[in-house]
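Single-structure report; data block below.
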Amino acid sequence: MRTQSSATTAPGIAVTTPDRERPAPGALQAALGVTAFSLTFPATAWGLEGFGPWSLVAVRSVLAAVIAGTCLLALRVPLPGRRHWAGIAVVLAGVVLGFPLLTTLALETSSTAHAAVVVGLLPLTTALLSALRVGARPSRTFWAAALAGAAAVLAFTVQQSGGALTTADLYLFAALLACAAGYTEGGRLARVMPGWQVIGWALVLGLPLTVPASALALAYEPVRLTAHSVTGLLWVAAGSQFLGLVVWYRGMAAIGIPKASQLQLAQPLLTLVWSVLLLGEHLTVAAPLTATAVLVCIAVTQRTRG
């Protein structure tokens, strides 16, 4: 029999979690989610080699929904309570539809290095939204470390991209807000239901939109199946859209939204590494220095209690 312990992720909110989901395992799960997300931009770039942006986003959501729906049916998971559907709709709008579509549109004209700017800002934005939504109140030291980490990531990614603002930046900043809202609401829901069910039901809820959107987009956008395009599509569907979010929401439920969000400070640097290995992009000597600064900031935020 599993024993349970009570933890507090925000003032006045007691969360009961299994022992296996105490902070250390929770941080590991969140880190696995970040690793999966770090491959999203390179995989999207591969997918765009054979699919149009609307086709890629719609089809990835349908494939992820099939995986999630199969798991929900196989395990006979009951429908969520009515009070949870509004939050699930926010996850759908922000994480399933908004962020993938906006970043895919941006990556048509932007490099993965430039797009990583949005990920550098995401942890701070998520922490801010969580403070408004669930009453999280991290300490001043936490915020100082978070701001320092965000500044380091922004300086590095902006330097990599030349600092020029383009139309793609509008998509990226809109994607930032959409994703932060989805993460915040998903992390809140993951306190009362398993994280994989949060994203699973969001994906299923979106099927009435994504199925006709897939049919329409595939009819108008040319498709060229290649090893890269198929691999990219499968990864963003199974890895980024479902499996990565499963461990990510579990991690947020275990260690709290603000702390989990700070682990994403490492995501832009991981994305740049994958961009070198998979896309042939080049990094400057600033990469290891920035990585060290970010890791120090992450260590501070993970040891600071709100």
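- Here the CD1-CG distance, from I255 to L28, works out to 10.0 Å after rounding to the nearest 0.5 Å.
- Considering only residues two or more places apart in sequence or on other chains, P212 meets the side chain to side chain contact (heavy atoms under 4.5 Å, CB included) condition with none of them.
- Sorted by first and then second residue, the side chain to side chain donor-acceptor pair (under 3.5 Å) pairs involving residues 95-110 (not counting sequence neighbours) form an empty list.
- Residues V223 and L233 share a single hydrophobic cluster, defined by chaining ILVMFWY side chains whose heavy atoms lie under 4.5 Å apart.
- The main-chain N or O of S55 is found under 3.5 Å from a side-chain atom of E221 such that the two form a donor-acceptor pair.
- With hydrogens and angles disregarded, a donor-acceptor distance shorter than 3.5 Å links the side chain of T210 to the backbone of G206.
- Proximity of a side-chain donor or acceptor of R224 to a complementary backbone N or O of E49 within less than 3.5 Å is detected.
- Taking SG of C179 as the start and CG of L129 as the end, the distance is 10.5 Å to the nearest 0.5 Å.
- By the rule that hydrophobic residues join a cluster once side-chain heavy atoms approach within less than 4.5 Å of another member, L225 and L56 end up as members of one cluster.
- Side chains of L32 and L243 form no contact here, defined as non-hydrogen atoms less than 4.5 Å apart.
- Evaluation of the side-chain hydrogen bond (donor to acceptor under 3.5 Å, both in side chains) rule for T271 yields no partner, not counting sequence neighbours.
- Looking at every heavy atom in both residues, L270 comes nearest to S38 through CB-CB, 3.5 Å.
- Here side chain to side chain donor-acceptor pair (under 3.5 Å) pairs that include residues 116-129, with residues two or more places apart or in two chains, number zero.
- To the nearest 0.5 Å, the span separating CG on L277 from CG on L272 amounts to 11.0 Å.
- Here V57 sits in one hydrophobic cluster together with W54, L101, L102, L105, Y171; the rule is ILVMFWY side chains under 4.5 Å apart, joined directly or through other members.
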Can you give me every donor-acceptor pair (side chain of residues 63-92, partner residue at least two apart or in another chain, under 3.5 Å) with its distance?
residue	atom	partner	partner atom	Å
T70	OG1	V66	O	2.7
W85	NE1	P80	O	3.3

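- Here the closest heavy-atom approach between residue L122 and residue A180 is recorded as CD1-N, 3.7 Å.
- Applying the side chain to side chain donor-acceptor pair (under 3.5 Å) test to pairs two or more places apart or on separate chains, those with a residue in residues 229-243 are T40-S240, R60-Q241, T226-S229, W235-S240.
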Acceptor/donor pairs from residues 145-156 side chains to any protein atom, 3.5 angstrom cut, sequence neighbours excluded:
none

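- One hydrophobic cluster holds both L218 and L48 under the rule that ILVMFWY side chains link at heavy-atom gaps under 4.5 Å.
- Interatomic distance, L177 CG to L172 CG, rounded to the nearest 0.5 Å: 11.5 Å.
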Hey, mind stepping through L245 and W196 against side chain to side chain contact (heavy atoms under 4.5 Å, CB included) and telling me if it holds? CA-CA 7 Å; L245 285 167; W196 75 271; over 6 Å; no
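- The side chain to side chain contact (heavy atoms under 4.5 Å, CB included) search around L279 returns P42, A45, W46, T112, S275, E281, not counting sequence neighbours.
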Is there a ring pair (Phe, Tyr, Trp, His ring centres under 6.0 Å) between Y183 and W248 once you walk through the steps? CA-CA 9 Å; Y183 279 175; W248 174 243; 5.4 Å; yes
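- The shortest heavy-atom contact between A36 and G244 is CB-CA, 3.9 Å.
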